[in-house]
Structure formats: C-alpha cells, structure tokens
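Single-structure report; data block below.
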Amino acid sequence: SVMEAGRGLATIAAGRFCPVRSSCDTLATKSRRTVSRWRIALTSSSTSTEPWPLGLAVIRANAETLLAGAKDDPHMADRLMEGLHRNAERLARLIADLLDLSRLDAGQYRMELAPLSVKTAAEHALTAIGARGHPLRIEVSPELIVKADRKALDQVLVNLLENAVRYTPEGTEVSLLAFAADDRVRLEVRDLGPGIAPAHRDRVFERFYRADPGRVREAGGTGLGLSIVKHLMESMGGDVRLLPNQPTGCNFVLHLPRG
C-alpha cells in the first residue's frame, strides 16, 4: 500500500548525512528498495503518474551512484545525500496528500462541524506558515463565525496561503480577507504573483493538473493541494473558486455557511 511504501521515508530523510561508510551503504540500499515499493504503490493509487517519477528517479540514481563508489568521496556523498533527502521530503508530501484524498473519496475523513471564529482560524493559519519574506495582511472581523471543521478549515487556509507565498515574488503582499455575504461567509486569499491564465482557471482543482509543470516542480508542489481544498470545502457545505486578482495574481474565493 501507499502507507507501507512510505515507511522508507523516515530512513531516507533522517539519513541526510552519513559520516560512516557502512551507514551510506545501508541507506543507499534501503533507498533503492523503497523506490521499487513506491512505484507499485503509487501507480495503484493514482490515475496519473506524472508528478512523481522525477523524484523517484533522483532517489534511485543517487542511491545507485553511492553504492557504485561515490560514498568514498565525501563531497560527492554529501551532495547525493542532500538530493536523497530533498526528494524524499517532497514525495512524503505527495504520500500525505494521496492519503488525504483517499480518505475523502472513501468518506473516512471525519468532519466535526461547529461554530468557529474566522479571525482565530485566519490568525492560526498565518502563524503556521510564517512570513517567509512576504507582508501578510489580514482583514477579518472578530464577529464573523462559520460552521466548519476546525482541522479542515485550517488545512484549507494553510494550503492556499502556502501556495500564495510559494508562487509570489519575495516582498509582495499576501492577503486574507473575510466578510459576511447573506447567510454565508466569504473568504479571499489574494496574492500579487504571476497569476493563472484564464484557460487554466477552471482546471486548477483537478488532481495533478498543472498550469506550469516546471514552476510546480521547482516550488516543490505535489499537484494535489487544490484538489484537497475543493474536497474539504464541499464536505463542509462550502465552495471554492479562482478569480484573477488586480492588478495581477490570484484570488481564491471561499464560501462557508455562517455559524
């Protein structure tokens, strides 16, 4: 299964440095075996194989290079181990996203809908992601209450804010706003990045859909985050859509029932 295949991640990620030659041998061997298990598990768990072969290929190539003798070169070994660690972390995020989607599809993601303060949820999400070189603006009335699942709402907001920070030039503002809209609450996550072309806006919530595959890989995205956001919002009786921001960038608009 995907979960079983992912058990090798802890070994790979924890073994970022291997001062002892035998440790490099062991880690490289385990890395190569883990790649084989992942290929089987991920192929059976996804209709698309596009996002993950590159990471697996890097892990396998680095492991084989270490086993072939690169472990005896301290500089080369450190560089290869860094590659193992970086790609293992990215694939760990992919595994986590696949498991979330699997639970949502099977109706096993337990929702506990209750009145929640939007301002508290927003502040918690902003604290979780940190500034990362971006001014973060929040405009949310303390009186706004939604009916939502605390964990799911946090995952939605963190995901959208992380995307905004990831794809926006350093120093540009990221905003989170909320206001009442009849019997619902409207939340907006805005950025001033390059935005998404109109032809792609209706498809960004599809699994593994990438308007710019190169940019997603460079930023370390899995291609599943927005699909998870859509599933979570619908499970809470809400919705999400993407609008262009002005003068540039994205504006993700969320609606949730008032609490």
Side-chain angles (χ1 to χ4, degrees), residues 50-52 54-55 86-87 89-94 96-97 100-101 118-141 144 146 152-179 181 185-233 238-256:
E50 191 260 339
W52 52 267
L54 180 61
R86 183 175 60 254
N87 281 277
E89 286 192 327
R90 177 172 179 267
L91 289 169
R93 293 193 294 272
L94 176 58
D97 284 350
D100 279 342
L101 280 173
V118 178
K119 187 173 182 63
T120 299
E123 290 175 341
H124 185 274
L126 288 172
T127 300
I129 68 163
R132 303 186 195 178
H134 296 266
L136 301 177
R137 178 169 65 99
I138 177 172
E139 291 186 13
V140 181
S141 168
L144 278 181
V146 293
L153 180 56
D154 183 67
Q155 188 170 354
V156 165
L157 294 179
V158 167
N159 191 304
L160 293 177
L161 287 167
E162 282 188 335
N163 274 356
V165 169
R166 183 180 294 137
Y167 299 119
T168 302
E170 187 172 346
T172 55
E173 184 179 79
V174 171
S175 305
L176 197 165
L177 304 87
F179 44 88
V185 171
R186 175 178 173 128
L187 297 90
E188 299 184 6
V189 176
R190 301 178 183 175
D191 67 63
L192 295 171
I196 296 175
H200 299 289
R201 287 178 197 147
D202 290 337
R203 301 194 61 191
V204 294
F205 297 101
E206 296 177 13
R207 300 180 189 192
F208 296 125
Y209 185 77
R210 297 173 173 198
D212 184 346
R215 189 178 68 152
V216 174
R217 280 195 294 268
E218 183 180 343
T222 66
L224 290 170
L226 291 179
S227 181
I228 291 173
V229 166
K230 184 174 186 290
H231 275 69
L232 290 174
M233 289 298 297
D239 59 68
V240 57
R241 58 185 174 137
L242 170 61
L243 299 177
N245 195 23
Q246 298 297 332
T248 182
C250 293
N251 180 15
F252 284 91
V253 178
L254 318 170
H255 289 98
L256 281 169

Hey, does Leu136 have a side-chain heavy atom less than 4.5 Å from the side chain of Leu161? no

Taking His255 for the side chain and Gly238 for the main chain, is one N or O donor matched with an acceptor at less than 3.5 Å? no

Can you give the donor-acceptor pairs under 3.5 Å from side chains of residues 240-253 to other protein atoms, not counting sequence neighbours?
from   : atom 1 : to     : atom 2 : distance (Å)
Asn245 : ND2    : Asp191 : O      : 2.8
Thr248 : OG1    : Gly193 : O      : 2.9
Asn251 : ND2    : Glu188 : OE1    : 3.3

By side-chain hydrogen bond (donor to acceptor under 3.5 Å, both in side chains), Glu139 pairs with (sequence neighbours left out) Arg137

Considering residues at least two apart in sequence or located in another chain, which fulfil the side chain to side chain contact (heavy atoms under 4.5 Å, CB included) criterion with Asp202? none

Check side chain to side chain contact (heavy atoms under 4.5 Å, CB included) between Ser141 and all other residues, then give those that pass, not counting sequence neighbours. Glu143, Leu144

Minimum heavy-atom distance Pro135-Gly171, with the two atoms named: CD-O, 3.5 Å

Where do Ala128 and Val158 come nearest, in terms of heavy atoms and distance? CB-CG2, 4.1 Å

When every non-hydrogen atom of His134 is compared with those of Pro169, the smallest separation belongs to CE1-O, 3.0 Å

Can you name the residues that form a side chain to side chain contact (heavy atoms under 4.5 Å, CB included) with Asn163, not counting sequence neighbours? Asn159, Arg166, Tyr167, Leu226

If I take atom CE from residue Met233 and atom CD from residue Gln155, how far apart are they, to the nearest 0.5 angstrom? 12.5 Å

To the nearest 0.5 Å, how far apart are CD in Glu123 and CG in Leu176? 10.5 Å

Which residues pass the salt bridge (Lys or Arg N to Asp or Glu O under 4.0 Å) test with Arg203, not counting sequence neighbours? Glu206

Can you find a heavy atom in the side chain of Leu160 that is under 4.5 Å from one in the side chain of Leu187? no

